[in-house]
Structure formats: C-alpha cells, structure tokens
Amino acid sequence: MATFFVDQEIKAGQTLHIVGEDAHHILRVLRLGLKDTIKISDGDNFQGLAIIEEVNFRQQLIKVRVLVKNRIIPIKPQITLIQGMPKGN
C-alpha cells in the first residue's frame with residue numbers, strides 16, 4: 001500500500017483533504033474510491049490509516065478521515081564505509 005504525505009498533523013478522527021498529483025494518483029492510477037483505505041504520513045515520525053469519504057474527480061479532491069495514528073520509530077542503521085585506494089605508478 002502506497003503512503004501519501006500531508007502537510008498537516010495527523011490526529012485520529014480528523015478529516016483531511018488530498019489534492020493535486022496525489023489525488024490524481026489515488027483516483028486514476030490506483031483506481032481507489034469511496035470506502036477504500038490509504039496510508040498517510042505527516043513526514044514527521046507519524047503515519048496513519050485513512051478511509052476515503054468523498055471524491056471529486058473534476059477538482060482532483062479527496063476527503064479522507066483518519067482512522068488510526070501510529071508513531072514511527074526511526075531506524076538508525078550502523079554504516080561502515082571502506083574504500084580501497086588505487087596504487088599510483
């Protein structure tokens with residue numbers, strides 16, 4: 001399931017509007033409609049599950065209601081970088 005980003009803080013029970021390219025992708029590419037669920041994120045360690053409540057194809061507008069809000073725990077992987085230097089002649 002794809003995740004869509006919103007500019008607002010996510011709260012359970014809140015109604016959000018998705019417009020523009022994200023709305024076009026949800027409606028035309030994924031072919032989702034009323035009562036379908038999508039994942040949303042505020043891009044700040046929170047994500048949620050939302051249900052599509054209203055669709056306006058002409059204005060590319062989707063009204064969704066947040067069902068669940070979850071906190072995302074950032075993963076901090078340990079990275080070791082090793083580089084081999086070529087020998088010059």
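Bear in mind that the values here come from a model prediction, so they are computed numbers and not experimental data.
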Worksheet item: Do the side chains of K69 and Q14 get nearer than 4.5 Å, heavy atoms only?
Response: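 Counting from C-beta outward, Q14 and K69 never come under 4.5 Å.
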
Worksheet entry | Heavy-atom side-chain contact between R28 and Q60 under 4.5 Å |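 Yes, their side chains come closer than 4.5 Å.
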
To the nearest 0.5 Å, tell me how far [X] [atom1] sits from [Y] [atom2].
{"X": "D36", "Y": "E53", "atom1": "CG", "atom2": "CD", "value": "12.5 Å"}
{"X": "Q8", "Y": "T15", "atom1": "CD", "atom2": "OG1", "value": "10.0 Å"}
{"X": "E54", "Y": "L61", "atom1": "CD", "atom2": "CG", "value": "7.0 Å"}
{"X": "K63", "Y": "I51", "atom1": "NZ", "atom2": "CD1", "value": "13.0 Å"}

Fill in: Hydrophobic cluster (4.5 angstrom, side-chain heavy atoms) - remaining members for V64
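When side chains under 4.5 Å apart are linked, the cluster holding V64 also contains F4, V6, I10, L16, I18, I26, L27, L30, L32, L34, I38, I40, I52, V55, F57, I62, V66.
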
Discussion item. So, applying side-chain contact (heavy atoms from CB on, under 4.5 Å) with K39, which one of T3, N70, V68 is it?
Written reply: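 Only one of T3, N70, V68 forms a side-chain contact (heavy atoms from CB on, under 4.5 Å) with K39, namely T3.
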
